[in-house]
Protein chains: 2
Amino acid sequence: MQTIQNTALADLSLFEARAQVLRALAHPARLRIMAALAEGERCVCELQDLVGSSLPTVSRHLSQMKAVGILACRRQGTQVYYRLLVPCLLPALDCVDRALRADSERRVACCSRPDEQGGEPCCDA
Amino acid sequence: MQTIQNTALADLSLFEARAQVLRALAHPARLRIMAALAEGERCVCELQDLVGSSLPTVSRHLSQMKAVGILACRRQGTQVYYRLLVPCLLPALDCVDRALRADSERRVACCSRPDEQGGEPCCDA
DNA sequence: ACATTATTTAGCAATTCTGCTAAATAGCTA
DNA sequence: TAGCTATTTAGCAGAATTGCTAAATAATGT
């Protein structure tokens, strides 16, 4: 019997694990941190300047990313330097940007009519 | 100047917009849906069987993904078929899987010592 | 030991997300 | 029109996330 879920789709924990990684990325401050770490390791205080939140908040963002294995850190004196462990995430985020561009073009294409005499809805239901 | 148009990603900073797309992915049910739609469009009822939640819940997951522009839908009779709009997200998710594998290997490598006489912490602080 | 700097942890209030049921809407057919 | 199926919307309660301040920990130097 061949249902939709007989490939990798049936594996429950895989999807949960993927979701955890994505949640660890899905925050503007954490994405800002990712972009900074793309250029090399940074200590927590440098990252605080970047994201502009309180230091404990930045520290927790870093912990969340470290907990799912996308960052690592090393201590040097009193400072802790974080670095990116999964470089392929950067091109993956590029795809997110492509999605954003495609979406905004689509909105312009279907919503920019001078007068609104049209009967059908702007985008598909 | 822009029309008021609905939403989501139009007037946000780049990092906020990216985060919204990632949040739209960061749920096991939605990732399951993504995997199914990788093989072609599916109607809502098929996807309900796949994720096993109530129909309204599945519908809302789909709306969330559509709101950020990664899915689109078309109506055929009483059914609504959803499809993937941003195929490059699939290899991007592969990178997430690589991150997961790397993380689990790292845990094995640093935590599997027969006896725990070691003084230093298992992984870096 | 004490002080200083850098970072993390605890704990709290506010917000957001999730999944449900009930009700509304959309399209089809008799 | 009414009746039927498929889907969406509304509204609620419970859970998770966020950002803060205050307190704890870590490494270093006096």
Side-chain angles (χ1 to χ4, degrees), chain A residues 12 15-17 19-33 36-37 41-68 71-83 119-125, chain B residues 6-8 12-13 15-17 19-33 37 41-68 71-83 119-121 123-125:
Chain A
L12 187 75
F15 289 102
E16 300 252 12
Q20 284 204 15
V21 172
L22 289 167
R23 266 207 311 276
L25 289 169
H27 188 287
R30 294 194 290 268
L31 289 173
R32 237 172 253 274
I33 290 169
L37 296 184
E41 64 177 13
R42 295 277 185 277
C43 74
V44 182
C45 54
E46 288 173 305
L47 294 169
Q48 186 198 7
D49 291 344
L50 177 72
V51 311
S53 307
S54 74
L55 197 52
T57 294
V58 173
S59 177
R60 189 165 51 181
H61 284 311
L62 291 164
S63 296
Q64 288 167 331
M65 291 191 276
K66 190 180 159 210
V68 299
L71 298 188
C73 61
R74 75 184 170 85
R75 187 150 213 144
Q76 183 169 32
T78 62
Q79 294 180 313
V80 176
Y81 285 85
Y82 280 83
R83 66 183 181 279
E120 52 184 347
C122 191
C123 304
D124 56 4
Chain B
N6 46 356
T7 37
L12 298 176
S13 81
F15 291 103
E16 301 241 19
Q20 286 208 14
V21 172
L22 289 166
R23 268 209 310 278
L25 288 169
H27 187 288
R30 295 196 288 268
L31 289 172
R32 230 174 255 275
I33 289 170
L37 296 184
E41 64 178 11
R42 296 276 187 277
C43 74
V44 182
C45 54
E46 288 174 305
L47 295 169
Q48 186 198 6
D49 291 345
L50 177 73
V51 311
S53 307
S54 74
L55 197 50
T57 295
V58 174
S59 177
R60 189 166 51 183
H61 283 310
L62 290 165
S63 296
Q64 288 168 332
M65 290 192 275
K66 190 182 158 208
V68 299
L71 298 189
C73 60
R74 73 183 171 86
R75 187 149 212 143
Q76 183 169 32
T78 62
Q79 293 180 315
V80 177
Y81 286 86
Y82 280 84
R83 67 183 180 279
E120 50 184 348
C123 305
D124 57 4

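As a basis for the values below, the full set of heavy atoms in this structure was taken, side chains included, without hydrogen atoms, waters or symmetry mates. Residue numbering restarts at 1 for every chain, and letters A, B, ... go by the order of the sequence lines.
- With sequence neighbours excluded, no residue forms a side chain to side chain donor-acceptor pair (under 3.5 Å) with Q48(B).
- Taking 4.0 angstrom as the limit, Y82(A) places none of its side-chain polar atoms (N or O) nearer than this to OP1 or OP2 of dA6(C).
- Across the protein-nucleic acid pair, I33(A) atom CD1 and dT18(D) atom P stand 12 Å apart, rounded to whole Å.
- Between H61(A) and dG19(D) there is a side-chain polar atom (N or O) within less than 4.0 angstrom of OP1 or OP2.
- Every residue meeting the side chain to side chain donor-acceptor pair (under 3.5 Å) condition with Q79(A), not counting sequence neighbours, appears here in chain and number order: Y81(A).
- The phosphate of dC20(D) has OP1 or OP2 within less than 4.0 Å of a side-chain N or O from S54(A).
- Contacts of S53(B) with the nucleic acid, taken as non-hydrogen atoms under 4.0 Å apart, involve only primed sugar atoms and P, OP1 or OP2.
- Nearest approach of R75(A) to T78(A), heavy atoms of both residues: NH2-O, 3.5 Å.
- By the salt bridge (Lys or Arg N to Asp or Glu O under 4.0 Å) test, R42(A) is found to be paired with E39(A), residues two or more places apart in sequence or in another chain being considered.
- Residue Q64(B) is classed as a sugar-phosphate contact, given heavy-atom separations below 4.0 Å to backbone atoms only.
- Distance M65(A) CE to dT7(C) P: 15 Å, rounded to the nearest Å.
- With sequence neighbours left out, the side chain to side chain donor-acceptor pair (under 3.5 Å) criterion links T57(A) to S54(A).
- Between the P atom of dA27(D) and the CZ atom of R74(A) lies a distance of 14 Å, rounded to the nearest Å.
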Pairs under 3.5 Å (N/O, protein and nucleotides 9-14 of chain C):
none

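- For R75(B) and dA26(C), the CZ to C1' distance is 5 Å, given to the nearest whole Å.
- Phosphate contact (OP1/OP2 of dT17(D), side-chain N/O of R23(A), threshold under 4.0 Å): present.
- Along DNA chain D, the nucleotide nearest T78(A) and the nucleotide nearest A29(A) are compared for position; the residue whose nucleotide lies closer to the 5' end is A29(A).
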Pair up each side-chain donor or acceptor in residues 21-32 of chain A with any protein partner under 3.5 Å, not counting sequence neighbours, and list the distances.
{"residue": "H27(A)", "atom": "ND1", "partner": "A29(A)", "partner atom": "N", "Å": "3.0"}
{"residue": "R30(A)", "atom": "NE", "partner": "A24(A)", "partner atom": "O", "Å": "2.8"}
{"residue": "R30(A)", "atom": "NH1", "partner": "H61(A)", "partner atom": "ND1", "Å": "3.0"}
{"residue": "R30(A)", "atom": "NH1", "partner": "Q64(A)", "partner atom": "OE1", "Å": "2.6"}
{"residue": "R30(A)", "atom": "NH2", "partner": "R23(A)", "partner atom": "O", "Å": "3.0"}

